[in-house]
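Below is one structure, written out as structure tokens, with a few remarks after it.
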Amino acid sequence: MTETIHPTPAEDAAGYDPAAVELKWQERWETRGTNHTDLAAGVRPFYALMMFPYPSAEGLHVGNLFAFTGNDIYGRFQRLQGHTVFEPLGYDAFGIHSENFALKVGTHPADLIPKNIDNFRRQLKRSGLMVDWRHELSTTDPDYYKWTQWLFLQLYKRGLAYKKRAAVNWCPVDKTVLANEQVISGECERCGAKVEQRFLEQWFFRITDYAGRLLDNLDTLDWSESTKLAQRNWIGRSEGAELVFRVQDLEELTGAATIALGETGEFTADTMDIRVFTTRPDTVFGATYLVLAPEHPLVDKLTTSEQRDDVAAYTKRAAKQDVVSRKVSKDKTGVFTGSFAVNPATQQPIPIWIADYVLMEYGTGAIMAVPGHDERDFEFAKVFDLPIVRVVAPTGSHDTHAPLHEAFTDSEKGQLVNSGSFSGLSVAEGKRQIVDLLAKNGHGRPVVNYRLHDWCISRQRYWGPPIPIIYCDTCGTVPVPEKDLPVELPYVEDFRPDDTGISPLARAESWYRVNCPTCGAQARRETDVSDTFLDSAWYFLRYPSSDIDDAAFDPTLTKKWLPVNSYIGGNEHAVLHLLYSRFTTMVLYDAGLLDFDEPYTKFRAHGMIIREGAKMSKSRGNVVNPDEYVERWGADTFRTYLMFLGPYEEGGDFRDQSIAGVRRFLDRLWSSVLESSTTGAPDADVMRKLHQTIEKVSKDLPALSYNTAIAAMMEYMNVVRRGERKAHRAEVEPLVQLVSVFAPHLAEELWERLGHSAHGGSIFDAGWPVFDASLAAENQATIAVQVGGKTRGTVQIPVGAGQEEALAAAMADPTIAKFVTGTPRKVIFVPGRLLNLVL
RNA sequence: GCCGGGAUGGCGAAACGGGUAGACGCGAGGGACUUAAAAUCCCUUUCUCGCAAGAGAGUCCGGGUUCGAGUCCCGGUCCUGGCACCA
């Protein structure tokens with residue numbers, strides 16, 4: 001342990017000692033409660049949230065600190081503007097990351113995580129964040145996950161949580177089910193293993209019910225555009241139509257009744273229709289065959305006896321095939337069922353095929369294939385020699401029967417051809433009229449489809465909150481009564497997952513055996529735990545209410561503090577976490593538990609930090625360990641340096657060499673302030689620059705332009721130090737306030753030494769320097785003089801002077817005048833900026 | 001393939017609604033202080049030619065609009081992030 005040193009004025013000469021200053025103020029903030037937010041009494045509440053970290057064993061990553069520091073500066077600035085700011089922090093400590101690491105090192109996660117959290121807390125406190133640590137939380141704490149389970153029950157109550165047997169993404173290495181979002185190009189996001197397809201009973205949340213709202217609300221949010229766009233793409237709205245194709249000679253085929261997809265998604269024996277989803281109903285005249293997904297429930301019924309063996313072989317292969325080769329290999333394969341359906345537009349019979357390029361999860365699991373105008377259908381038709389018909393031609397084209405050498409997919413500049421009475425219409429108009437007609441005849445209807453899937457929240461793992469459900473032989477699926485929460489995660493010695501697909505909790509018999517809460521008979525608990533993203537889908541609601549134990553969140557505090565005013569985090573969570581937390585907020589709003597339906601009013605994604613031009617990674621061995629830098633340079637220097645690297649929303653290139661420059665700046669500030677005098681008057685030129693700097697920094701901070709704010713302060717520092725003179729107190733005192741958001745310890749220390757904190761006050765309660773436009777105004781303007789658009793020099797004229805004066809000054813300068821050969825044809829004058837003489 | 005973001009000195013980067021390109025910082029070169037080094041301070045630093053004054057070129061490449069383009073428009077190259085048979 002380093003002993004705390006309290007430098008006395010006599011030690012000023014020794015210079016700036018960040019270690020001493022920082023420890024001193026961290027201690028004081030703690031004892032004085034400087035960073036404590038009075039949630040009940042605070043005025044103009046401002047909730048500055050940062051994405052909470054996963055407490056890894058490696059300790060805090062610079063990326064974390066980059067995010068937190070950016071948020072901290074924003075929060076401190078808001079406080080200095082008179083807001084009561086709440087800046088909480090916690091740990092997202094459940095989940096596969098932690099569990100896998102625990103497995104690797106052979107320690108139980110319940111023993112490992114608290115150690116990691118302690119280490120994180122130490123590092124975070126050392127970095128000088130304005131966090132109110134009284135509201136710290138961890139998702140692994142039963143007092144927290146009790147309410148995660150409660151949240152599950154709210155969804156269950158509302159019919160938004162359901163269980164189904166489903167094809168899921170199975171990672172053979174991590175031995176668990178992955179959400180679609182966790183599968184990257186058919187590979188496990190975490191370990192990179194090829195993801196396989198498995199069928200398991202899983203709990204899902206009906207996020208698809210909210211697809212339209214999740215999409216529409218985006219327009220109202222003050223978020224980074226890139227993030228909104230990522231969400232829009234993920235939700236993937238497609239406008240189109242569902243069309244019905246009747247199977248031909250059905251009786252003959254099945255010898256029995258007909259089957260169709262009902263409202264519930266189940267097949268009923270009313271009619272045997274094949275429903276397809278298409279975004280191009282205008283091309284229905286060109287639909288020359290149908291394709292069903294191999295898992296389509298009608299496959300069996302439609303397969304003729306001659307085709308039975310081939311179809312069986314194909315569907316079997318597709319079922320076994322892992323998701324990767326199915327999705328990545330684009331070579332078209334398929335098999336003919338032997339049956340035909342009638343194209344409702346042409347009334348012609350068309351063959352029904354099965355192919356794995358059609359996915360059961362999207363649309364209706366069946367498509368009408370229009371090889372002339374869809375690339376995939378075109379490829380398939382080529383492989384199996386199916387007819388390709390042109391039904392759209394470039395507008396104005398007369399060659400309506402020209403063979404297609406590739407699919408013509410441009411719907412913007414096309415008109416319908418070979419489409420009966422619809423020929424000649426534009427694609428857009430054709431869509432409308434064809435859907436209208438088919439709808440009238442009971443052959444279709446307009447439909448909107450989303451790519452978003454329901455959220456699978458089951459995890460066959462150990463390290464998560466148990467899903468609060470009990471299965472009883474007589475009562476069926478019974479939710480755990482709220483009074484019985486939390487369902488505590490038992491300490492299980494052997495927490496390893498295995499490839500049975502059954503959770504490790506299934507081995508804890510004494511835990512899962514319970515009496516049914518309804519009938520009292522012997523029953524068993526659900527042994528799956530929930531997805532980590534459920535933990536983080538509501539944590540922002542818990543912070544203000546972290547010490548409340550009779551509710552997930554206190555209604556009064558929540559009303560006062562939420563939604564979150566400013567949220568900062570990485571764009572890696574653009575679709576997962578941000579979408580899920582929006583969804584849960586909407587559900588709670590619909591349940592009448594919240595009075596807002598969007599959790600984050602403003603969100604900004606910070607950029608990524610690379611190092612010496614390369615991505616940071618453990619394998620490269622170039623990961624920045626914040627401890628080393630804080631130790632060597634001080635937290636204030638490190639914070640300021642991180643913010644100086646580059647534009648906050650773009651990230652930056654971390655270079656060890658460059659930190660010294662920031663430290664030099666703080667050193668100079670330190671000595672300039674301590675050497676400043678109170679005698680005489682401040683210099684007018686310096687004061688002008690000061691007010692220009694106040695203006696610039698005040699404008700840059702809310703825009704997250706931290707790098708330019710720092711540059712402006714450095715520039716001002718250079719002005720202050722110009723020449724032999726010592727700075728006047730009035731010239732540097734406001735600079736201490738400006739710099740405080742970046743270097744809070746240093747600023748507190750200087751503020752105290754300037755005599756402002758005699759009564760235990762903080763610079764963060766002293767407000768923000770007031771910008772005085774009259775002091776900032778320049779009286780001379782530098783005007784660039786161009787001759788024929790080429791800059792030939794500059795002239796000084798009084799601010800507000802007109803073209804005549806500028807011209808006179810320009811002509812008085814021989815180096816400019818020599819280029820002016822004759823009378824200018826035209827003179828362009830931009831006040832305060834430029835004079836251009838066109839010859 | 002589709003959708004984003006980007007390309008500016010030796011390096012990280014600035015540049016308001018077109019209006020002096022390179023602020024700020026690093027590095028480098030020179031100088032002061034020192035027995036010496038570190039630290040600190042001062043000067044120089046886009047490139048080419050020139051002793052200099054100065055001149056010319058210059059924001060990925062090729063066109064265009066404009067008195068004037070890093071910024072706007074058209075076409076292309078490269079880098080980077082995300083999604084990926086979504087009908």
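Below, chain A is the first sequence line, B the second, and so on; all start at residue 1. Since this is a predicted model, take the numbers as computed values, not measurements.
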Whole-Å [atom1] distance, [N] and [M]:
N: B:G4; M: B:G12; atom1: P; result: 27 Å
N: B:U20; M: B:A69; atom1: C1'; result: 14 Å
N: B:U71; M: B:U66; atom1: P; result: 16 Å
N: B:C51; M: B:A32; atom1: C1'; result: 26 Å
N: B:C60; M: B:C41; atom1: P; result: 35 Å
N: B:G81; M: B:A13; atom1: P; result: 15 Å
N: B:U59; M: B:C72; atom1: C1'; result: 16 Å
N: B:C11; M: B:C47; atom1: P; result: 11 Å

How would you label the contact of [X] with the nucleic acid (heavy atoms, under 4.0 Å): base, sugar-phosphate, or nothing?
X: A:R722; value: nothing
X: A:N233; value: sugar-phosphate
X: A:K228; value: nothing
X: A:N718; value: sugar-phosphate
X: A:L229; value: sugar-phosphate
X: A:L834; value: base
X: A:K699; value: nothing
X: A:R664; value: sugar-phosphate
X: A:R668; value: sugar-phosphate
X: A:R833; value: base
X: A:R232; value: nothing
X: A:Q786; value: base
X: A:T791; value: sugar-phosphate
X: A:Y450; value: nothing

[N] phosphate, OP1 or OP2, under 4.0 Å from [X] side-chain N/O:
X: A:K696; N: B:A23; result: no
X: A:K818; N: B:A55; result: yes
X: A:R792; N: B:G56; result: yes

Check your understanding: Does A:D377 pair with A:R280 as a salt bridge, N-O distance under 4.0 Å?
Key ->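 No salt bridge links A:D377 with A:R280.
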Exercise for review: Would you mind checking if A:E379 and A:K382 are paired as a salt bridge, meaning a charged N to carboxylate O distance below 4.0 Å?
Suggested key: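 The answer is no: the pair does not qualify as a salt bridge.
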Point to revise | Check against side-chain contact (heavy atoms from CB on, under 4.5 Å), A:D356 and A:Y314 | key: CA-CA 9 Å; A:D356 65 4; A:Y314 187 79; 3.5 Å; yes
Under 6.0 Å between ring centres, would you say that holds for [X] and [Y]?
X: A:F654; Y: A:Y629; answer: yes
X: A:F66; Y: A:H606; answer: yes
X: A:F204; Y: A:W455; answer: no
X: A:Y289; Y: A:F380; answer: yes

Looking only at side-chain atoms of [X], point me to the closest of [options].
X: A:N836; options: B:A87, B:A13, B:G19; answer: B:G19
X: A:M714; options: B:G81, B:G25, B:G4; answer: B:G25
X: A:R721; options: B:G19, B:G81, B:C41; answer: B:C41
X: A:Y357; options: B:C24, B:U40, B:C85; answer: B:C85
X: A:K615; options: B:C85, B:C26, B:G81; answer: B:G81
X: A:N707; options: B:A14, B:C24, B:G27; answer: B:A14
X: A:V838; options: B:A87, B:C67, B:G19; answer: B:C67
X: A:W234; options: B:G19, B:C83, B:G12; answer: B:C83

Review point. How would you label the glycosidic angle of B:G9: syn (within 90° of 0) or anti?
Key: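 Classified syn.
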[N] [atom2] sits how many Å from [X] [atom1], rounded?
X: A:F378; N: B:G1; atom1: CZ; atom2: P; answer: 18 Å
X: A:D356; N: B:C85; atom1: CG; atom2: C1'; answer: 9 Å
X: A:E650; N: B:U80; atom1: CD; atom2: C1'; answer: 12 Å
X: A:K826; N: B:C67; atom1: NZ; atom2: C1'; answer: 5 Å
X: A:R451; N: B:C3; atom1: CZ; atom2: P; answer: 13 Å

Under a 3.5 Å cut-off for both contacts, is [N] paired Watson-Crick or G-U wobble with anything, and if yes, with which nucleotide?
N: B:A14; answer: none
N: B:C72; answer: B:G64
N: B:G81; answer: B:C3
N: B:C41; answer: B:G31
N: B:G22; answer: none

Practice item. Return yes if some donor-acceptor pair links the side-chain N/O of A:R825 with the main-chain N/O of A:L839 below 3.5 Å, else return no. Key: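 Side chain of A:R825 to backbone of A:L839: a pair is present.
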Check your understanding: Mind checking whether A:E361 and A:E295 have side chains closer than 4.5 Å, heavy atoms only?
Key ->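 Contact flag for A:E361/A:E295 side chains = no.
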Point to revise | First of A:S238 and A:T708 reached from the 5' end of RNA chain B, by closest nucleotide | key: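 Closest to the 5' end, via its nearest nucleotide, is A:T708.
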